[in-house]
Structure formats: structure tokens, C-alpha cells
Amino acid sequence: MTRLSQGTSIPPALDESEPPAALAIPQRMGAALLSIAAQVGGIGVLAGQIATRLFPPRIDRYELTRNLYKMGVLSVGIVAATSIFTGAIMVIQAAPMVIRFNVKEIVGWGAGFATLREVGPLLIALMFSGRVGANNTAELGTMVVTEQIDALRALAIDPLSYLILPRIISMIVMIFILTIIGDVVAIGGAVGAAKVLLDVDPRSFMNSLVTLLDPWDFLSGLIKSIGFGTMIALTSCYFGLSVRGGAPGVGRAVNAAVVAAASGIFILDYFSTYLLG
Amino acid sequence: MDTDTASLTGIQGFAAKVGGAPLALVSELRGMWSVLARTLYYVVRGRRERGAIVEQMFAIGNKSLFFMTVTMGFIGMILVFQSGLQAQKVVPDYQVLGPLYLKMLVRDLAASIGAMPLATRVGAGIAAEIGSMVVTEQIDALRMCAADPIEYLVVPRFVASLIMTAALLIWAAFVAFIAGMITANLVFEVNFHTFMNATMVEPGDVLIGFTKCVAYGAAIPIVSAYCGLRTFGGSEGVGWATTSAVVNSCLAIIVLNFFISAAGYFVFPT
């Protein structure tokens, strides 16, 4: 404003000049908000486009099995490693309370409740997003940068139904299966930790787990994992497809995808906890 | 060596597959140990580049602040909601909900759960940056100038992460506690005064929590820098390096949490 009133001949263009100090922060906040809105909108549009391609379902079988193997089977090791430690940690954390209130008979329920409902699906989704989602973004981004997606279009192959649909389906199916595997392994880790630290008999551990735990607790964790899988699949595909600016752009897109998926998972977790509680 | 194991068949091929995984794990751990040892050496003995640490502190700390605040706010609400549901079954009243939550937050949850999103953000950033430097041969250029890339690139990130992770995780505990307090008030009608009760927090809890902050702050940059430094294969390699940095940092946090929690349980049992 001061520069204008002093009579400069050319008013500075908004996007090129240094904004005055008082406007710098609102401008940056607005830009950040607009970019978040654009990303959320882009993910929504992608979800809509994918949904229309589900009817009638024409899925490339080779792509589907390849992705199911790569995303699911190859992730079993890391999911199992995460889960066994998670289960053990849940018991270690509960141990001081168990001793204080002397409730050894329900430690199985306590650890199982937290693991199956909340921590298991959440941590498995984070690991899945780090391993599978980031890798998917990098792969799609490289395809965009090397113009392979355009090549598909030139051959009259719809990249969304040929490339993206199998990936999204495999991620959702595989995170569901991996969560079941992870839950089982986590319970195993919890049983081991309870035996070693608190001297709780594995049989009484499982007994309290089975009698006190609702099947719904287990199911709500699985329903959550489907939501997380959809979230990871859509964000990683969206950021992969919207890569700009060559090889460095791929790195930036991977970073942005991982961060977006992580915040999406936490926000989704909050709402699903309320809805399923 | 890869071609050798691939060409083996039958029982030998199986043995090679079984033995290959632990060998790969051992060599990875040795690589990380080497990065850690050299980083610690240069932290003590190396020259300091002015402003490098402050710049990294800004990139690691200030730029993660908003992300951490949002995620930890949501986590705080989830944790209190879940533990309230759990408390309903064990003890009828919510008197101990706040003190117990604060104890768990200090002892473990703030550090361990907060470190996960932090590792995702910071680890991916470090690995992508160092990885693209490797791919564009800037690391080789550094070596040609007789400058150790560890001294120039890893040490500032290590020191910055050590300080900023601790600061961010303490902030995370604060945010999670406030969010949990509001949730407890709205959902379970727990009075703010009843909830804000630090009588169950003991010095041992603070010590365990702080040990975790320092351990995670050290582990994230070391693991990510190691993954970034062994990048190969162009831009796709950078994507792979970022992926493995995020996964390995999260795994490192979980494993460290297991060992520190177990040790903490034996030293401070209650």
C-alpha cells in the first residue's frame, strides 16, 4: 500500500513481488490451504473415476496378481516384525498397572483390546503406507516422467483401468489380509511378553482374551484397516499420477504422498473410532 | 554373489534363501553402525560449518510442527476415547483416567507414537535429499574434494534431529494431553481438575520417556542417512531409498521401544 501511495508507476504483480510483511503470513496460509484443498479434491475426483470403472469390472488379471504378490506377500515379513514387537510392547506398558491393581487375570483382554481395536491396524497401516504406498507412488511417478502413461493413452489403453484399478484393489485386499496376520502375530508377541514379564500362563491369557473380548472389537479393527487401505491407495496413486518436473519431482511426490497418507490415516482413525465405538 | 545364489537349485537354493536373509540383515546393521560411529566421531572431532545445524533444525523442527500438532491432537483424542471405553469395564469411575493417561503419555505413548509420523516426515526428507545427491554424483564430488559426506551432510542432520526430536516430542505430549483432556470432558464428563493430575508420574517415567526421545532422535537421521547414502539406480532408486528409510526408521523405533521399555520395566517397575 505504501509503495502505491508513493506513486510507483507500475503496481507490482501479486505473485511475483515480495508481499509486504503484514501480508506474508496470511498469503502463505492461504496458499497452503488452497493446495490442501486441491489435493483433497484431486483424490476425490480420482476416487470417482475409479468407481465408474468398477462397473462393469474389467481388471487386467496379470497386473492384479503381480500387484497382489508384490504388495501383499512381500510385506508379510515386515508386518510380522512390527506386530510381534507391538504386542509385546502393549503388555510391557500395561505391566505397571497390572501389578498396581493386581489384575493379572485380565491382562490378555487389556492387551488384546488395545492391539486389535487400535494399535494393530494403525501401525500396520503406517508400515504399509511406508513400504507399499511410497513404492507405488515412486513407480507411477517414474512412469509419468518417462511418458509411459502417455504411451498407454496413445495405444488407446485407459491407464486408470489398466494400471490404477488393479493397484487400488490389491492394496485394499492385501491390507485387510495383512491386518489379520498382524493381529495374530501381535497376540503371539503379547502372550510371550506376558509369560516372561508377568508370569501369566498363556492359557489364562487366551482365556481372558476370548471371554472378555467382543468379536466386534476384532471386526472394527478390520473395518478400519479397509478404510486405511483405501486412503493409502488413493493418496499414493494420486500423488504418483500428478508428478511434475522430472526425477526430482518423483522424490518430492513420494515425500508428499507418505506425509499425506500418514495424516489421512490418523484423521480417519479418529472418526472411525467414534463411529465404530 | 546374487547370480551364484540364483543359479542354485534344490536343497542348496533353499539353504541360500534361508541364509541370505540374516546375512543381509547383519550387513545392513553393520552399515548403520558404521554411519553411527563415524557420525559420533565427527560430532566430537569434526569441524563445524556455521549455520548448517540451525538450518537443519529449522527444516526438521519448525516445518514439522504443524503436522505433528494435527496428528498428535487426533491421537490424543483417540487414546483417551479408547482408554475410557476400557476403563468402563475395569473401574466404574473415571477418577484415574487422567493420571493414568498422563503417566502412559510421559512413559511411552507421546514419544513412541509421536516418533512415527515424525520419522515418516523427517526420514523421507533426509533420504530423498541425500539420495538425489548420490544419484546426481554430488556425494562423489564431495569425496573428490577430500570431504567426508558424513561430516558435511549427516552430522548437522544428526545434531539437529537430536535436539528437535526431543523438543517436538515434548510438544507432542503437551498437545496430546490437552486434546485428551478436552475429549474426556466432552465424552466422559471428567472435570478438567480431576483429569489434570500428575501424582502418578514418577521420576522413573520421565527418565524412560526422555531416553526414548533421545534414542529416536538419534535413530531417525542415522537410519535415513544410511538408506539415502546407499541409493543406486537413478530417480527410481531415490524412491526406493525413501521407502526403505521410512520403513526402517519406523522399525527401528519399534525395536528400540521394545528394548527401552523392557529395560525400563526392570529398572522402574511401577
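Note that the structure is predicted; figures quoted are calculated from it, not measured. Letters A, B, ... mirror the listed sequences (proteins, then strands); counts begin at 1.
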Asks: Which one, B:Val247, B:Val187, B:Val255, leads in non-hydrogen pairs under 4.5 Å with chain A?
Replies: B:Val247
Asks: Would you call A:Lys70 and A:Glu139 a salt bridge, using N to O less than 4.0 angstrom?
Replies: yes
Asks: Please determine, among B:Val246, B:Val70, B:Ile78, the option with the most heavy-atom pairs under 4.5 Å with chain A.
Replies: B:Ile78
Asks: I'd like to know if the side chain of B:Asp205 reaches the main chain of B:Glu202, judged simply by a donor and an acceptor atom lying under 3.5 Å from each other, with no hydrogens or angles considered.
Replies: yes
Asks: At a heavy-atom separation under 4.5 Å, does A:Val254 approach chain B through its side chain, its backbone, both, or neither?
Replies: side chain
Asks: So which of A:Val145, A:Asn135, A:Leu212 has the largest heavy-atom pair count under 4.5 angstrom toward chain B?
Replies: A:Asn135
Asks: Answer yes or no: does atom CZ of A:Arg28 have more than 12 heavy-atom neighbours from other residues, nucleotides or ligands under 6.0 Å?
Replies: no
Asks: Using a cut-off of under 4.5 Å for heavy-atom pairs, which of B:Arg121, B:Gln82, B:Met104, B:Glu129 has the most such pairs with chain A?
Replies: B:Gln82
Asks: Between A:Ser208 (side chain only) and A:Trp109 (backbone N and O only), is there a donor and an acceptor less than 3.5 Å apart?
Replies: yes
Asks: Side chain, backbone, both or neither: which part of B:Phe258 has a non-hydrogen atom closer than 4.5 Å to chain A?
Replies: both
Asks: Highest number of heavy-atom pairs under 4.5 Å with chain A: which of B:Leu79, B:Leu100, B:Thr136, B:Ile113?
Replies: B:Leu100
Asks: Just by distance, with hydrogens left out, do B:Ser112 and B:Asn257 show a side-chain donor and acceptor under 3.5 Å apart?
Replies: yes
Asks: Please work out whether the ring planes of A:Tyr274 and A:Tyr270 are parallel, tilted or perpendicular, with thresholds of 30° and 60°.
Replies: perpendicular
Asks: Tell me whether A:Thr235 contacts the main-chain N or O of A:Ile232 through its side chain, where contact means a donor paired with an acceptor under 3.5 Å.
Replies: yes
Asks: Consider side chain to side chain contact (heavy atoms under 4.5 Å, CB included). Of B:Thr69, B:Thr120, B:Thr165, B:Leu118, which one does B:Ser64 pass it with?
Replies: B:Leu118
Asks: Does any backbone or side-chain atom of A:Leu197 lie under 4.5 Å from a heavy atom of chain B? Answer side chain, backbone, both or neither.
Replies: both
Asks: Could you tell me which portion of B:Ile75 (side chain, backbone, both or neither) has an atom closer than 4.5 angstrom to a non-hydrogen atom of chain A?
Replies: side chain
Asks: For chain A, which of B:Leu109, B:Leu251, B:Thr242 has the most heavy-atom pairs under 4.5 Å?
Replies: B:Leu251
Asks: Under 3.5 Å, is there a donor-acceptor pair linking the side chains of A:Ser236 and A:Asn136?
Replies: yes
Asks: Name, in order of residue number, those residues of residues 73-83 of chain A that have a heavy atom at a distance of less than 4.5 Å from a heavy atom in chain B; otherwise write 'none'.
Replies: A:Ile78, A:Ala81, A:Thr82
Asks: Can you see which heavy atom on A:Arg117 is nearest to which on A:Asp217, and at what distance?
Replies: NH1-OD1, 2.7 Å
Asks: To the nearest 0.5 Å, what is the distance between CZ (B:Phe66) and OG (A:Ser263)?
Replies: 9.0 Å
